[in-house]
Structures are given as structure tokens and as C-alpha cells.
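For reference, the structure discussed in these notes is given below.
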Amino acid sequence: MAVWIIEENCTGCGLCAKACPYGAMVIEDKLARVTDRCTECGACLAACKFEALASDIEQEPIPDLSGYKGVWVFAETQEGKLLPVSRELMGEGGRLAAELGQDLCAVLVGSGLEPLADELASLGAKKVFLADDPRLAAYATLAFTRVLADMIQAHAPAVLLMGATPLGRDLAPRLSRRLDLGLTADCTQLGIDKETGNLLQTRPAFGGNVMATIYTPRVRPQMATVRPGVMAPPQARAGAQAEVIKQEVKLLDSDLLLKLMSFTPLASQGVDISQAKTIVAGGRGCRSREGFGLLAELAQEMGAELAGTRVAVEEGWIGVERQIGQTGVTVRPELYIACGISGAIQHRAGILGSRFIVAINRDANAPVFSVADYAIVGDVFKVVPAMLAALKEAR
Ligand SMILES: Cc1cc2nc3c(=O)[nH]c(=O)nc-3n(C[C@H](O)[C@H](O)[C@H](O)COP(=O)(O)OP(=O)(O)OC[C@H]3O[C@@H](n4cnc5c(N)ncnc54)[C@H](O)[C@@H]3O)c2cc1C
């Protein structure tokens with residue numbers, strides 16, 4: 001048994017049982033007992049205030065990782081252009097690189113992408129690692145994994161960031177497994193631990209009810225994906241130059257099992273609210289499709305996109321592509337108007353990047369007001385028509 005109880009010190013206070021994430025500690029007859037669910041994580045040892053727990057768990061020493069340097073951003077492209085999320089990650093990556101005192105680097109994998117190096121330099125890249133090969137023209141999991149794994153092994157970066165796009169969600173886990181790394185998906189915040197230099201990767205956990213900060217002290221690179229729209233893109237600096245480092249592409253036949261026969265873009269889903277500058281969003285408080293009609297009128301008057309909560313989607317008042325939040329889209333508009341939305345944490349997670357939040361709710365204690373710049377306590381069906389009338393008059 002790697003953890004045991006020193007009975008004379010144990011008060012049966014239950015701190016260890018509370019701290020154990022696996023439910024492996026139980027209190028019986030005012031004494032703690034370790035059950036066979038124990039994974040030897042050590043959480044109970046840190047929690048006990050009475051020196052009532054002992055252990056022979058040996059902490060593995062942290063390897064010397066000082067040779068790993070640089071914050072890498074996987075620059076995802078589509079039809080030869082950078083995706084907005086790649087720009088957003090360059091902004092965040094630049095901030096992290098500055099904190100670490102290391103270089104921000106971009107990684108381009110594809111065919112004919114060298115012209116994008118200048119754009120990446122203007123977004124802050126000091127180096128651009130380029131794998132250019134006609135066999136990489138279309139995304140294929142195994143081929144991209146091979147190329148990125150080779151690049152990482154050759155250049156040993158400290159951090160690798162990717163967009164949580166369909167491609168990123170496919171490639172990042174495959175790569176992390178190939179190199180035996182960790183991966184934190186869908187981060188909403190990134191930072192650097194000042195003492196250790198570890199990347200702090202924050203994301204919603206347990207159904208969005210807590211924000212968990214995860215770090216990876218024993219392996220490099222530290223890998224994280226970030227959903228589009230969460231981070232702000234940097235100001236481009238015209239004329240900046242980056243060193244372009246070309247990677248020799250070595251692919252095995254077994255990496256080329258997938259052949260792209262044709263490419264048919266999905267029929268347009270109509271909207272991409274992640275890029276909207278003004279959003280009028282509604283929740284259960286709008287009551288019906290007709291209620292959303294009123295919001296649509298306001299949105300049209302303001303040149304805004306219409307959006308809503310998960311409840312509004314489930315009720316069929318708006319399409320799923322317009323859902324904002326943890327399981328919907330993350331938005332960063334200049335102005336976000338929340339109408340009849342309570343502001344549950346899962347919804348708030350998607351709107352925190354908004355510049356101004358205006359909330360209309362008849363409940364003065366609604367959580368949405370905790371993040372609102374302007375709080376209007378009132379009935380949506382009175383406030384929105386008044387806004388419409390004022391807008392029309394102003395026009
Ligand atoms: C794992 C998980 C993921 C989730 N992901 C998301 C997500 O991505 N996005 C999301 O939105 N939700 C998500 N949810 C659901 C979330 O928890 C909430 O249930 C949801 O956001 C609530 O939507 P709402 O604000 O429309 O409804 P409610 O919480 O019911 O709030 C309605 C609000 O309207 C107000 N109101 C009522 N009538 C009026 C009126 N006439 N005038 C003014 N105000 C009025 C009420 O005071 C209330 O505050 C998720 C939940 C889970 C568990």
C-alpha cells in the first residue's frame with residue numbers, strides 16, 4: 001500500500017476524503033481508510049493537516065527540459081489563406097513567448113504556402129518552420145502527424161498551440177500520442193507560471209461548472225488547442241521579416257493511405273457568428289419564435305447577427321450555428337446584447353471576449369449582470385421595442 005494512515009494522528013476530519021478525486025478515502029469509526037480505488041495521486045497527503053498520512057510514493061524527478069525553447073503556433077490554412085484562429089493564436093503565442101523570453105514561431109505544413117511566411121512575420125513570428133510538399137496539399141492525418149513529429153523532434157519547442165478546428169481536433173491528439181505528450185483541448189485562457197515557466201492551460205471542466213488549470217511539467221512541448229474566436233488577433237506589423245526554416249519532408253507509404261479524390265465545400269451554413277461585430281442574442285426569456293422575431297428586427301436595425309443560448313436552440317427558435325457558449329460558438333463582438341438570458345456559466349464562457357455587454361433581464365440578480373457593462377432590469381418585450389423605436393427615430 002503506497003498510502004497509509006497513522007492512526008494516532010488521525011482525527012477523522014475528512015479533509016483527505018474531500019481532497020481525493022477518486023473517492024478512494026473513506027472515514028470509518030472516525031478514522032480515515034484507504035480503499036483499493038487509490039491511484040497514488042498524492043492529493044490526500046497534501047490535504048492532511050495532522051500528519052496522519054504517510055506514503056512511500058516517490059516523486060519522479062522533473063527532467064531537465066531547458067533545451068526546449070520557442071512557442072510554436074500551427075498556422076492552419078484553407079485554400080492557401082491563414083484561418084482567423086491562426087492569427088488569434090499568433091497574438092496569444094506572442095504574449096506567451098514574451099513572458100518566457102523566447103521566440104514566437106509559426107509552423108506551415110502544406111503545398112505552396114511559403115508566401116504566407118511574410119504574413120506570419122507581420123503577426124510576430126521570428127521563425128517560420130515550413131514543410132512544403134505537393135503530397136501535403138490536402139490534409140491527411142498520418143502525413144501531417146509524421147511531418148510535425150519530425151519537426152518537433154528536430155527543433156524541440158517548449159509550447160505548441162493549435163486551433164480547436166476540425167483539423168486541429170484530429171491532428172493534435174494524434175500528434176500528442178505519437179510523441180507521448182500531454183494535450184489540453186479547448187483552452188479558454190493560457191498563461192505562464194512565473195516560477196517554473198510551465199504553460200498554464202485553463203479550460204472549463206465538469207460540465208463547465210469549474211475552470212480547471214492544467215499544466216504539463218514533465219514533457220515538452222506542452223500542447224494546447226484553443227477554439228476559434230477565444231483570443232484576440234494581434235495588430236499586424238507591416239515589413240516584419242521571419243527566418244524561414246525548411247523541413248525536409250520524409251513520408252512513408254503508410255502515411256499516404258488516404259487519397260483525396262475530390263473536394264466539395266459544405267454548402268454555406270449561412271453565418272459565422274464568431275466574426276460578428278454586433279450580436280443580439282436571446283434566451284428562454286424571449287419565450288417563442290415570435291419573441292425571437294422581435295430580436296431579429298433589432299438585429300436587422302443594428303446590422304447585427306442574431307444568436308442565442310442553448311435553450312433557444314433546443315426550442316427551435318434559432319439554428320444550432322447561432323448558439324453561443326461552451327458547446328456553441330465563442331464570440332468577440334464589439335457589442336453583445338443579451339435579451340432574456342440568465343447568463344449560466346456555460347453561456348458566459350462564450351461571451352467574455354465581447355468589448356461591451358448589454359444585458360436585459362427582468363431579474364436584477366441574474367448572473368448575466370455580473371459580466372454586463374450595461375444592465376437593464378426590465379421586460380424584454382418592453383425594452384426591445386423601446387430600443388427599436390429610439391433607433392428608428394435617430395435614423
Ligand atoms: C455541459 C453543458 C454545456 C452547455 N453549453 C451551453 C452553451 O454552449 N450555451 C448555452 O447558452 N448554454 C449551455 N448550456 C446550458 C446552460 O447551462 C443554461 O441552461 C442555458 O444557458 C440557459 O439558457 P437561458 O439563459 O436562455 O435560460 P434560463 O437560464 O432559463 O434564463 C432565462 C432568463 O430570462 C429571464 N427572463 C424571463 N422572462 C423575461 C422577460 N420577459 N424579460 C426579461 N428577462 C426575462 C429570466 O429572468 C432568466 O434569467 C450548457 C449546459 C451544460 C450542462
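FYI, side chains are in, hydrogens and waters are out, and symmetry mates aren't considered; it's all heavy atoms of this structure. Order of listing sets the numbers, starting from 1, for every ligand and every atom in it.
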For Asp133, enumerate each residue passing the side chain to side chain contact (heavy atoms under 4.5 Å, CB included) test, keeping only those at least two apart in sequence or located in another chain.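 If we apply the side chain to side chain contact (heavy atoms under 4.5 Å, CB included) test to Asp133, skipping adjacent residues, the hits are Arg135, Leu136, Val249.
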Of all the atoms in ligand 1, which lie at a distance below 4.0 Å from a heavy atom belonging to [X]?
| X | answer |
| --- | --- |
| Gly378 | 42 (N), 43 (C) |
| Gly328 | 8 (O) |
| Gln326 | 7 (C), 8 (O) |
| Ala344 | 16 (C), 17 (O), 18 (C), 21 (O) |
| Gly283 | 26 (O) |
| Val380 | 40 (C), 42 (N), 43 (C) |
| Asp379 | 40 (C), 41 (N), 42 (N) |

Centroid separation under 6.0 Å, is that true for the rings of Phe356 and Tyr336?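 Distance test on ring centres: not under 6.0 Å, no.
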Is any side-chain heavy atom of [X] closer than 4.5 Å to a side-chain heavy atom of [Y]?
| X | Y | value |
| --- | --- | --- |
| Gln326 | Asp186 | no |
| Ile214 | Gln222 | no |
| Cys339 | Cys286 | yes |

Would you kindly specify which portion of Ser342 sits under 4.0 Å from ligand 1, judged on non-hydrogen atoms: side chain, backbone, both or neither?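 Within the 4.0 Å criterion, Ser342 contacts ligand 1 through backbone and side-chain atoms alike.
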Counting heavy atoms not belonging to Arg289, are there more than 12 under 6.0 Å from its CZ?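 Counting neighbours around CZ of Arg289, 12 or fewer heavy atoms of other residues, nucleotides or ligands fall under 6.0 Å, so no.
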Pick, from [options], the option with the minimum heavy-atom distance to [atom].
| atom | options | value |
| --- | --- | --- |
| atom 34 (O) of ligand 1 | Gly350, Gly340, Gly291 | Gly340 |
| atom 14 (N) of ligand 1 | Gln346, His347, Arg287 | Gln346 |
| atom 6 (C) of ligand 1 | Ile324, Ile341, Thr309, Thr327 | Thr327 |
| atom 30 (O) of ligand 1 | Lys382, Glu314, Arg284 | Arg284 |
| atom 48 (C) of ligand 1 | Asn361, Asp363, Ile360 | Asn361 |

With sequence neighbours left out, write down each residue that passes salt bridge (charged side-chain N to carboxylate O under 4.0 Å, His left out) with Asp118, or none if nothing qualifies.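 Scan of Asp118 (salt bridge (charged side-chain N to carboxylate O under 4.0 Å, His left out), adjacent residues dropped) gives none.
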Only one of Leu108, Leu120, Val109 passes side chain to side chain contact (heavy atoms under 4.5 Å, CB included) with Leu130; say which it is.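 The single option meeting the side chain to side chain contact (heavy atoms under 4.5 Å, CB included) with Leu130 is Leu108.
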Please step through side chain to side chain contact (heavy atoms under 4.5 Å, CB included) for the pair Ile376 and Val358, ending with a clear verdict. CA-CA 7 Å; Ile376 302 174; Val358 175; 4.0 Å; yes
Could an N or O of ligand 1 be found under 3.5 Å from any N or O of Val311, whether backbone or side chain?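 In this structure, Val311 places no N or O atom under 3.5 Å from an N or O of ligand 1.
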